[in-house]
Amino acid sequence: MITLMINGERREVDVPPDMPLLWVLRDVLSLTGTKFGCGIAQCGACTLHLAGKPVRSCLLSVGAIGARAITTIEGLGVTPNGTKVQKAWLDLEVIQCGYCQSGQLMSAAALLDAIPRPDDADIDAAMAGNICRCGTYLRIRQAIKRAAEA
Amino acid sequence: MHDNPWLKNSPNLSRRAFLEMSGAAAFLFGFSVPLRTTRAATKVLTFAPNAFIRIDRQGEITLIMPQVEMGQGVYTSISMILAEELDADWSLVRVEHAPADENLYANPDLGFQVTGDSTSIRAFWQPLRLAGAAARACFIEAAAHSWGVSTAECRTENSQVIHDQSGRTLDYGALVSRAATVTPPKAPPLKEPGAFRLIGRSQKRLDTPDKVYGKTVYAIDVLPPGVKFATHAASPVVGGTVAHVDDRRAKAIPGVRQIVVLDDLVAVVGDHMWAAKCGLAALDITWNDGPNAEVSSDLIWSRLRSASLRDGVVAKEVGDVKRALSAAGESSNEVVTAAYELPLLAHACMEPLNCTVHVTPTSAEAWIGTQVMERVHVAVAKAAGLPESQVTVHNHLLGGGFGRKLEADMAYTAARIAKQVEGPVKVVWTREEDMRHDIYRPAYRDLLWARLEGDRIVGWKHRVSGSSVNARFLPRVFQKGMDPDSVASAQDIPYDIPNLRVEFNREEPPGVNTGFWRGVGPNNNVFSLESFIEELAHKAGKDSIAFRRAHLDKTPRLQAALDLVREKSGWGTPLPTRCGRGVAAQISFASFIATVVECEVDKAGEVKLRRVTSAVDTGIAVNPDTVIAQLQGGLIFGLTAGLYGEITLKNGRVQQSNFHDYRMLRIDQVPPIDVHLIKSGEAPGGIGEAGVTASIPALRNAIYAATGVALRRMPVDRNLLTTGART
């Protein structure tokens, strides 16, 4: 049994320790807000927070997590910057198909946690790992700036 | 104008009176809509005047979406059109996916249940307005009757019928029973555009909140009770088969439940995707590659290049092209010719292909995100060996479509696997399988010839060579060697040229499947045509915009778009060295668009995007903010293809596999993009694909301006753009 702290709740899972957290969340714990996009940490769709830092869960073995807190899109709304980015995303109508957006929001909230007033270069550095095939990048940039001002 | 078959023939119309809803929640799976299950469980009396609208006695309005939502915002814009003519209270509107039903939900422009070709608004604009207006007329008649007044004295607003003289009002919800006894009129009066309250005013998308909170259930997220998880490897070569499988190591992996071996693929079923993936990696599969084992990009291109030398089937002929192109004498009058090539492209939807299927001896149920509901329904039935009446398909919001989900192959594959599995199984393609078993945008080679007299084009010949997607996809429109999609935006070239011939030359590539890709035919034709126009403008020594404009006297809407983009893009203002602006003008999907891309090319040939400006006349923009978003996204989609997109084959195998070798533009490469809408009262045009077709030629022409290198092939070959390099 592996014990995980997910969105403030303790969860016990009986899975192999090398199993990536992505599949534990989606297929074992029914937390499907975190998305599978590439499986090799190239697209960012599976981004979540581990001890407050953005990580790609498709390559994160559950056995390596230990007691560190996990926050997924389902738990983002209770964090201050999570609330701000979600509101900005709604206000600026960022989303199209939406599939990559859990990852985008997680990366954006983590950016604001690290840099409360990011400039364009900060946004580029923090968000370049998240692909959006619909091309919502312009609005993502605007929304991050909006959230930073909120 | 389209007739509205639903208002005439709808089965719902004939049994319109009361529709007893006892399982209304069934269609809602996957799109979380606040429809209270307690109410759905008890019998609710509902007014359902046609296949698109249901209103219950609490006044809640359920709109049934005949087109699918894949990010283009169509659930919201379709709802706006219905609600506009219904005079509905927008806050009471809920949406639900249409079920598979070709009779009720066929696309009027394309003749079957399909979302594609940027037709959603164009095809459904009139039918949905009539549907909304007919329902509204029923409420007016019901209210007038109950008050004993003339219908002419009544008006509607915000889900209420109002009788101004007496100050009385009745909510739609209160009128449901009575409205259901009224025969809906076949030709109800429609609003004058000046009276629109919703259309033309940006509304928040209905699907956004769930997506922001991570609550949207895409097909890949469904978890029917007892579901197992599968992933598979299909023959790496089209037409290949499984020769031998050693599954001993795979079976030993914890969580692996079953290995399914079919003719052309091997699937591993497990307790979760990780077990399935590990199991698949542990399989030792030997393939018979079959007849396409030697297919390569070189073979595909050499065949296409040879084929392009044949005369094509004539799509359009005006004037005397032969004479106009042979009257060359002085050097300035010589015939100009060029060949342009575009590669195979993958769709790379962010949601990898997937379909969950539960097959039993007497039924099948499938969960998918598709652009072709009824085709999926048929495919699952066929794979399961069941009559279609025993098959149910649930559609979901799509994590990208881009034409990939116009195909039903993934449903067929998943159902074939599921037929071997007890209980429901979710079949998920790895990114690598998704990319290597795509149905790719065809490769194209276009030859163009033209002759100038002074600064006017007097003769023009355009020969398109490549796949006909419709010959496979919609054979009834492929007649006598002509595929209308293959020459779309070429046959109806906007420029006024007295002698013109457009040909199509069908040449299918060996060993690779081709299909529709966002932008369809126009993404090839606008590229070749606008690249060639640019070369002619140079030849004539004219400004690129002025040269185009001079050939557009009969197309003032495109002239106006060019004028606006010239003003907004800073056209003509000085730029640093190795920077340039390129323009492209187009009529595609009935939208009129002019686009300027500004870029810089460094000494190593790397292209840096500086700015993009588009001026768009799409007629009435139903939800203007969505139109802008579609342009922004479409332009980026096209720029990605122009800078990076190419699928290649070697030994019958697709060489690209994931985002490291099939690159996407990322946020740090995307420049400011300004989209300017031109106000118009014309009927709405299509907008989901138009940005894609615009940005590829505009990028190419910007590189031409920056470097003097006239690229004839995409994606950009950086080796041609290094300092000193010349084609």
Side-chain angles (χ1 to χ4, degrees), chain A residues 15-16 18-20 22-24 26-28 30-40 42-43 45 72-77 85-87 89-91 93-102 104-105 120-121 123-141, chain B residues 69-73 202 204-205 207-218 220-221 223 229 254-255 271-275 277 348-352 397-402 428 430-432 625-626 629-630 632-637 640 658-660 664-670 672-673:
Chain A
V15 298
D18 63 341
M19 182 168 171
L22 171 67
W23 303 115
V24 176
R26 293 182 51 80
D27 296 353
V28 179
S30 304
L31 288 168
T32 55
T34 304
K35 300 304 187 209
F36 164 53
C38 69
I40 57 168
Q42 284 285 314
C43 80
T72 69
I73 187 71
E74 289 89 349
L76 184 66
V85 293
Q86 284 177 323
K87 182 171 186 313
W89 250 242
L90 287 167
D91 289 347
E93 201 72 274
V94 169
I95 288 180
Q96 293 186 29
C97 93
Y99 191 79
C100 74
Q101 297 289 346
S102 296
Q104 303 280 2
L105 285 152
D120 282 327
I123 293 172
D124 285 347
M127 304 301 295
N130 290 81
I131 292 172
C132 173
R133 186 66 165 136
C134 298
T136 63
Y137 298 126
L138 302 160
R139 294 178 187 224
I140 288 172
R141 185 182 299 281
Chain B
E69 179 61 74
M70 45 190 163
Q72 80 281 39
S202 293
K204 292 285 183 191
R205 288 175 56 145
D207 54 335
T208 306
D210 279 353
K211 289 175 174 176
V212 165
Y213 300 121
K215 288 182 184 167
T216 298
V217 179
Y218 299 88
I220 203 170
D221 300 326
L223 293 166
F229 302 82
D271 292 342
H272 37 67
M273 182 70 171
W274 179 241
K277 278 184 81 166
C349 302
M350 289 310 295
E351 180 187 5
L397 298 188
L398 283 67
F402 315 127
V428 176
T430 59
R431 175 58 62 190
E432 291 78 9
D625 187 56
T626 288
Q630 282 305 293
Q632 292 169 333
L635 290 162
I636 290 170
F637 200 96
T640 298
N658 207 318
F659 294 119
H660 64 288
M664 299 288 129
L665 270 186
R666 293 170 183 268
I667 195 170
D668 55 342
Q669 298 162 289
V670 171
I673 299 179

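Chain naming here is simple, since letters A, B, ... match the order of the sequence lines and numbering starts at 1 in each. This one's a predicted model, so the numbers in the text were calculated from it and none came from an experiment.
- Looking at B:Pro254, neither its backbone nor its side chain comes within 4.5 Å of chain A, counting heavy atoms on both sides.
- With respect to chain A, the highest number of heavy-atom pairs below 4.5 Å among B:Cys349, B:Ala629, B:Gly634 belongs to B:Ala629.
- Panel note: side chain B:Arg205, backbone A:Glu93; no donor-acceptor pair is recorded below 3.5 Å.
- Listed here is the closest heavy atom pair of A:Leu138 and B:Ile673: CD1-CB, 3.5 Å.
- Listed options B:Thr640, B:Asp625, B:Thr626, B:Asp271 were ranked by heavy-atom pairs under 4.5 angstrom with chain A; first place goes to B:Asp625.
- Closest of all the heavy-atom pairs between B:Gly214 and A:Ser102 is CA-OG, 4.2 Å.
- Heavy atoms of A:Leu105 lying under 4.5 Å from chain B belong exclusively to its side chain.
- When A:Val94, A:Ile40, A:Asp91, A:Ile123 are compared by the number of non-hydrogen pairs under 4.5 Å with chain B, A:Ile40 comes out ahead.
- Chain A forms more heavy-atom pairs under 4.5 Å with one residue of B:Val670, B:Asn658, B:Ile636 than with any other, namely B:Asn658.
- Note that NZ of B:Lys215 and CD of A:Glu74 are 10.0 Å apart. Values are rounded to the nearest 0.5 Å.
- The two atoms that bring B:Ile220 and A:Arg26 nearest to each other are O-NH2, 2.8 Å, heavy atoms only.
- Note that the CZ atom of B:Phe637 and the SG atom of A:Cys132 stand 10.5 Å from one another [nearest 0.5 Å].
- Interatomic distance, CZ of B:Arg431 versus CD of A:Gln42, reported as 11.5 Å (0.5 Å rounding).
- For B:Phe229, the part lying near chain A is the side chain, with the backbone staying farther off; criterion is any non-hydrogen pair under 4.5 Å.
- Across all non-hydrogen atoms, the minimal contact from B:Phe402 to A:Cys134 is CZ-SG, 4.2 Å.
- Contact count versus chain A (heavy atoms, under 4.5 Å) is highest, among B:Pro672, B:Gly255, B:Gly73, B:Ala348, for B:Ala348.
- By number of non-hydrogen pairs under 4.5 angstrom with chain B, the leading residue of A:Gly37, A:Cys43, A:Ala121, A:Ser30 is A:Gly37.
- Between chain A and the residues B:Met70, B:Glu351, B:Glu69, the largest count of heavy-atom pairs under 4.5 Å involves B:Glu351.
- The structure places CD1 of A:Ile95 at 8.0 Å from CG of B:Asp207, a figure rounded to the nearest 0.5 Å.
- Between chain B and the residues A:Gln101, A:Gln86, A:Arg133, the largest count of heavy-atom pairs under 4.5 Å involves A:Arg133.
- Taken from CG in B:Leu398 to OH in A:Tyr99, the straight-line distance is 12.0 Å, to the nearest 0.5 Å.
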Exercise for the section: Go through the steps to decide whether B:Asp221 and A:Lys35 satisfy the test salt bridge (charged side-chain N to carboxylate O under 4.0 Å, His left out), and finish with yes or no. Expected result: CA-CA 9 Å; B:Asp221 300 326; A:Lys35 300 304 187 209; 2.5 Å; yes
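- Closest approach of B:Leu665 to A:Tyr137, counting heavy atoms only: O-OH, 2.7 Å.
- Chain A forms more heavy-atom pairs under 4.5 Å with one residue of B:Gln72, B:Glu432, B:Lys204, B:Lys277 than with any other, namely B:Lys204.
- Listed here is the closest heavy atom pair of B:Met350 and A:Cys100: CG-CB, 4.5 Å.
- Of the listed residues (A:Gly33, A:Gly135, A:Cys38), the one with the most heavy-atom contacts under 4.5 Å to chain B is A:Cys38.
- Proximity to chain B (any heavy atom under 4.5 Å) is shown, for A:Asp18, by both the backbone and the side chain.
- With chain B as the partner, the residue from A:Ile131, A:Ile73, A:Ile140, A:Thr136 showing the most heavy-atom pairs under 4.5 Å is A:Ile131.
- The line from CG of A:Leu22 to CE of B:Met273 is 9.0 Å long, rounded to the nearest 0.5 Å.
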